[in-house]
Structures are given as structure tokens and as C-alpha cells.
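Quick note on labels: first sequence line is chain A, next is B, and so on, each numbered from 1.
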Amino acid sequence: MPELPEVETIVRQLRDVVQGKSIKAVKILDKKVVDVRIAALPPSTIQRITRRGKYLLFHLDNNNVLLTHLRMSGHFQYGKEPSRYTAAVFHFQDGTLLTFNEIRRFGRMKAVKEKQLPKILSPLGPEPLECSYTVFKQRLEKKTKSNLKTTLMDQRVLAGLGNIYAQETLYRAGINPQRTVGTLQEGERKKLYHSIQSILRRAIRQGGTTIENYTSLEGAGRFQRFLAVYEKEQCPKKHSVQKMKIGGRGTYWCQKCQK
DNA sequence: CAATCGTCCTGCGGGC
DNA sequence: TGCCCGCAGGACGATT
């Protein structure tokens with residue numbers, strides 16, 4: 001499940017291989033996943049590739065943007081022939097190709113105008129890695145009665161954390177995911193803030209986490225080596241890890257390390 | 001306001 | 001061995 005570090009990794013790799021290239025033709029194989037209007041756009045060059053939260057954006061000519069969300073299993077492949085999961089194929093002027101693939105068909109790619117972006121992206125909270133502690137604290141203040149882990153995954157509060165990194169940051173901060181936001185002491189909140197910063201940075205450095213479907217363009221990420229609780233039986237201190245549902249989502253945590 | 005539930009969709013694992 | 005069933009999960013809307 002691509003979260004911020006995985007999307008950031010993919011964005012960086014896409015920049016290396018397709019930024020600046022001219023799109024000759026787009027073939028859409030799954031109309032549910034990919035907006036058919038994309039095939040009708042005038043021939044364009046990929047000017048820039050950016051990320052906002054878990055969204056990935058291809059900025060084309062004429063202020064057109066391909067707004068992409070990978071959800072659970074969306075992924076790109078460069079220079080490989082389409083597979084049964086390919087939703088769209090981008091053919092470039094130089095003869096190379098990029099495929100957008102989606103196994104579970106939850107991912108989306110749509111065409112929007114640059115001008116529409118502020119409005120479309122306005123519900124999103126700040127970028128975790130560009131967010132000061134003061135802003136982080138302010139964001140949490142609006143959710144004092146809510147469950148902490150669910151709040152970390154709420155894209156309107158902070159944009160980019162998903163199920164894996166919410167659990168990992170809480171472990172590192174030593175905080176029980178069942179806690180309510182308002183019960184955090186100042187010291188705990190600071191520790192959580194710093195955990196988010198360091199885990200996301202490290203995960204990006206490691207090329208993301210590869211669990212099941214996620215592969216970046218260059219293959220597997222390496223952060224799964226550093227996971228402390230997610231899908232683990234023991235935490236790094238060899239305590240047994242619990243699993244429970246929080247907000248309907250599987251949650252791993254250590255009863256001894258997280259209070 | 002917060003939590004829960006249903007929906008979308010497919011692969012996979014458990015059970016028999 | 002093979003089939004069927006149910007689960008998982010990000011976002012979002014509807015309901016409790």
C-alpha cells in the first residue's frame with residue numbers, strides 16, 4: 001500500500017525516466033481506473049512530476065495534470081509490455097513506454113486543469129515533512145476526542161500517513177494506538193512528531209516498504225527490514241506484538257513498549 | 001462531532 | 001486436490 005515514502009520514491013524514479021519526455025499516444029485499457037479523456041489530450045510533454053500526500057501528479061503542457069492515486073495496488077512499470085493488470089499505456093516519442101497497472105482497481109488517474117488543483121487538494125492536511133511542531137500540534141487540537149491512530153491516518157489532518165506508518169510511528173513514540181488525541185502529554189506529542197519525521201525520512205531513504213503488491217519502478221523497497229511491529233510477532237525488544245482492529249483497520253502494537 | 005458501516009475490487013488463505 | 005467463502009484495505013458517503 002503506497003504511502004508517502006512509497007509515492008515519493010516512485011515520483012523520484014519517474015522523474016529520472018520520463019520527465020521531459022513527449023507523450024505520443026495513450027492507450028486506456030481500464031476505463032474505471034483511468035479517465036478516458038486522458039487519451040484525447042493533445043500531444044504533451046511531461047513537464048514536472050510532483051507529489052502531494054499520497055497523490056502523484058504529472059504536469060503536462062497546456063496546464064493539464066494527470067492526478068494519480070495508487071490506493072492499494074497501483075504501480076508503474078517502465079519499459080515493460082502491458083500485463084493483464086495494465087490500466088493505461090503511455091507511449092513516448094522516443095519509442096519507450098510507461099504502464100500504469102492496478103490489480104485491485106481502486107487506484108485512479110484523472111485529467112484535471114492546473115487551476116483546479118488548489119481546490120481539489122485543499123482538504124488535505126500539511127505535508128508531514130514540511131510541517132513544524134507548532135502546526136502539528138494545531139492540527140491535532142481539532143481532533144482531541146478522536147482515536148489517535150485513526151487521526152494520524154486522516155489525510156485532512158496530515159497528508160501521507162497510512163496504516164503501516166501510523167503504526168510504526170506510534171511504536172517508536174511509545175504510545176498506545178488506542179489512545180485518544182486529547183490524552184497526549186506535551187512530551188508524548190513531541191516524541192510522536194519526531195518519530196513521524198525520522199521514520200518517514202528513513203523510509204524514503206530506503207526506497208519505501210515492500211509489502212505484497214508495492215514495487216517501485218526499480219523493484220522492492222528496503223524499509224520492511226526496519227519495521228518494528230507491522231505484521232511482526234515480536235517487537236525489537238522481543239516482546240510479543242498484539243493485533244487488534246482500530247477504526248476497522250488491522251493494528252499491530254506492543255503492550256509493553258506502548259503506553 | 002466521532003465512530004461505524006457499506007462500497008468498490010481482487011488475490012489469497014483457511015477450511016473442508 | 002480443488003473449490004468456496006470471507007477477509008483486507010484507502011477513501012468516501014451515509015448512518016448511528
Side-chain angles (χ1 to χ4, degrees), chain A residues 1-11 28-35 51-57 67-76 82-88 99-110 112 117 119-128 138-170 176-184 200 203 208-215 221 224 227 229-233 241-253:
Chain A
M1 317 140 232
E3 304 179 30
L4 189 153
E6 290 75 39
V7 180
E8 179 64 26
T9 300
I10 293 165
V11 163
I28 294 165
L29 305 173
D30 190 337
K31 295 176 181 174
K32 187 175 180 68
V33 172
V34 179
D35 181 353
R51 178 189 62 73
R52 177 73 175 92
K54 299 180 200 172
Y55 286 95
L56 190 154
L57 302 89
L67 182 64
T68 312
H69 199 299
L70 304 172
R71 292 286 184 97
M72 321 296 298
S73 56
H75 59 282
F76 288 97
S83 71
R84 59 185 286 210
Y85 301 118
T86 301
T99 59
F100 176 46
N101 313 282
E102 237 304 9
I103 297 173
R104 305 223 165 155
R105 307 180 70 202
F106 281 173
R108 293 289 181 267
M109 183 184 281
K110 56 189 284 190
V112 301
L117 281 180
K119 191 172 180 183
I120 295 171
L121 300 175
S122 66
L124 294 180
E127 282 295 317
Q138 283 168 359
R139 294 261 114 196
L140 293 184
E141 273 163 9
K142 297 172 182 168
K143 309 283 288 181
T144 49
K145 298 268 172 62
S146 300
N147 167 266
L148 179 56
K149 186 217 168 196
T150 305
T151 302
L152 290 179
M153 292 173 63
D154 186 339
Q155 303 301 298
R156 295 166 303 182
V157 174
L158 215 54
L161 291 189
N163 202 30
I164 297 178
Y165 293 102
Q167 292 167 63
E168 291 297 312
T169 53
L170 284 167
N176 186 326
Q178 294 165 280
R179 296 263 300 272
T180 290
V181 174
T183 66
L184 287 183
L200 291 182
T209 302
T210 293
I211 299 287
E212 294 176 29
N213 300 313
Y214 165 75
T215 46
Q224 59 275 17
L227 293 174
V229 286
Y230 183 76
E231 289 187 344
K232 297 287 178 187
E233 298 205 344
V241 167
Q242 331 284 311
K243 186 180 183 187
M244 66 184 305
K245 289 250 184 198
I246 295 180
R249 294 287 171 255
T251 306
Y252 294 82
W253 63 290

Sugar-phosphate, base or nothing in reach of A:Gln155, heavy atoms under 4.0 Å: sugar-phosphate
Face-to-face contact A:Phe106 to C:dG10 six-ring, under 5.5 Å, under 30°: yes
Rounded distance (Å) that lies between atom P of B:dA2 and atom CZ of A:Arg156: 9 Å
Whole-Å distance separating the CD1 atom of A:Ile120 from the C1' atom of C:dA11: 15 Å
Side-chain-base donor-acceptor pair under 3.5 Å for A:Arg104 and C:dA8: yes
Any donor-acceptor N/O pair under 3.5 Å between C:dG10 base and A:Arg249 side chain: yes
Test item: side-chain donor near acceptor, A:Thr251 and A:Gln167, under 3.5 Å: no
A:Tyr165-A:Thr209 side chain donor-acceptor pair, cut-off 3.5 Å: yes
Within less than 4.0 Å of OP1 or OP2 of [N], is there a side-chain N or O belonging to [X]?
| X | N | value |
| --- | --- | --- |
| A:Lys245 | C:dA8 | yes |
| A:His69 | C:dG10 | no |
| A:Ser146 | B:dA3 | yes |
| A:Lys54 | C:dA11 | yes |

Residue of the set A:Glu3, A:Glu168, A:Lys149 for which side chain to side chain donor-acceptor pair (under 3.5 Å) holds with A:Asn163: A:Lys149
Earlier contact from the 5' end, DNA chain B, for A:Arg84 and A:Gly247: A:Gly247
Residue mapping more 5' on DNA chain B - nearest nucleotide basis, A:Arg71 or A:Tyr85: A:Arg71
Residue pair A:Leu57 / A:Val11, side-chain heavy-atom distance below 4.5 Å: no
